[in-house]
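For reference, the structure is listed below as structure tokens.
As the structure lists them, so they are numbered: ligands from 1, and atoms in each ligand from 1.
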Amino acid sequence: MDESAAILTPVFTAGQIARRVAELGSEINAAYGQEPLLAICVLKGAFMFFSDLARHIENPGLELDFVRLASYGMNSKSSKHIIFSKDIELDILGKNVLIVEDIVDSGHTMKFLIDQLGARKPKSVAVAALVDKKERREADLEVAFAGFCLPAGFIVGYGMDYAEHFRNLPEICELQMPSEGHF
Ligand code: IMP
Ligand code: MG
């Protein structure tokens with residue numbers, strides 16, 4: 001791809017993200033109090049959100065783990081075949097689990113993960129998503145802690161990529177590639 005041809009339009013600034021992530025941390029603190037909590041980062045897209053959010057969770061019993069999922073499908077819209085390419089390492093039996101994801105779009109990826117982790121008998125499973133594209137939802141699931149809601153558009157930055165590019169941007173931008181049309 002030719003990244004230099006990309007048109008990046010800022011959607012949320014670094015300051016807006018920082019403020020919203022701090023608010024989400026407060027919501028999570030209010031919901032769980034001092035109850036033990038295991039936060040699971042969905043790699044790679046959530047890595048920056050996860051590291052910032054974790055610093056706002058005031059819970060001495062907080063544990064952190066990481067999962068990576070791979071999906072195979074004909075296109076990005078169809079329901080996909082999803083596998084763990086990296087599983088978590090901690091035992092979740094009887095624990096409150098908070099899945100931390102970059103974007104919930106159709107919801108198929110998150111539904112798969114909730115079902116897989118739910119089968120391991122945690123005490124609870126909830127989802128924190130930086131961006132909730134809830135108008136596009138196909139799977140039935142609840143995002144308990146949503147940073148921002150967006151109806152449409154393909155976004156990159158603050159951990160999120162297009163073909164592994166743009167993850168390092170400190171702000172969230174909408175991406176258009178002139179040669180490839182609109183997302
Ligand atoms: P879902 O299974 O349709 O909910 O897809 C969710 C996954 O698609 C997210 O974890 C992202 O990795 C990816 N995704 C969806 N929308 C975007 C976007 O606008 N930018 C970057 N990745 C996206
Ligand atoms: Mg993702």
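- Of the candidates Thr109, Asp102, Val104, the one placing a heavy atom closest to atom 5 (O) of ligand 1 is Thr109.
- For the pairing with Tyr158, the side-chain contact (heavy atoms from CB on, under 4.5 Å) check across Leu130, Leu169, Val131 returns one residue only, Leu130.
- Tracing side-chain contacts under 4.5 Å through hydrophobic residues (I, L, V, M, F, W, Y), one reaches Phe47 starting from Leu24; they form part of the same cluster.
- Taking the centre of each ring, Phe112 and Phe84 come in below the 6.0 Å mark.
- Residue-ligand proximity, Ser106 to ligand 1, at heavy-atom distances under 4.0 Å covers atoms 1 (P), 2 (O), 3 (O), 4 (O).
- Residue contacts with ligand 1: Ile155 is placed with a nitrogen or oxygen under 3.5 Å of a nitrogen or oxygen of the ligand (distance criterion only).
- The hydrophobic clustering, which links ILVMFWY residues whose side-chain heavy atoms are closer than 4.5 Å, places Phe66 and Leu37 together.
- The closest donor-acceptor contact from the side chain of Asn96 to the backbone of Pro36 lies under 3.5 Å.
- Counting atoms of ligand 1 from 1 in the listed order, those under 4.0 Å from a heavy atom of Glu101 are 10 (O).
- For Lys133, every heavy-atom contact with ligand 1 shorter than 4.0 Å involves the side chain, none the backbone.
- Applying the 4.0 Å criterion to heavy atoms of Asp161 picks out, from ligand 1, the atoms 21 (C).
- Of all atoms in ligand 1, listed by their number and element, those nearer than 4.0 Å to a heavy atom of Gly153 are 19 (O).
- The residue among Leu130, Ile103, Val156, Val131 with a heavy atom at the shortest distance from atom 14 (N) of ligand 1 is Ile103.
- The shell of residues lying under 4.0 angstrom from ligand 1, judged by heavy atoms, excludes Gly45.
- Side-chain contact between Cys173 and Thr9: absent, with no pair of heavy atoms (C-beta onward) separated by less than 4.5 Å.
- Remark: side-chain polar atoms of Asp65 are paired, donor with acceptor, to backbone N or O of Glu89 under 3.5 angstrom.
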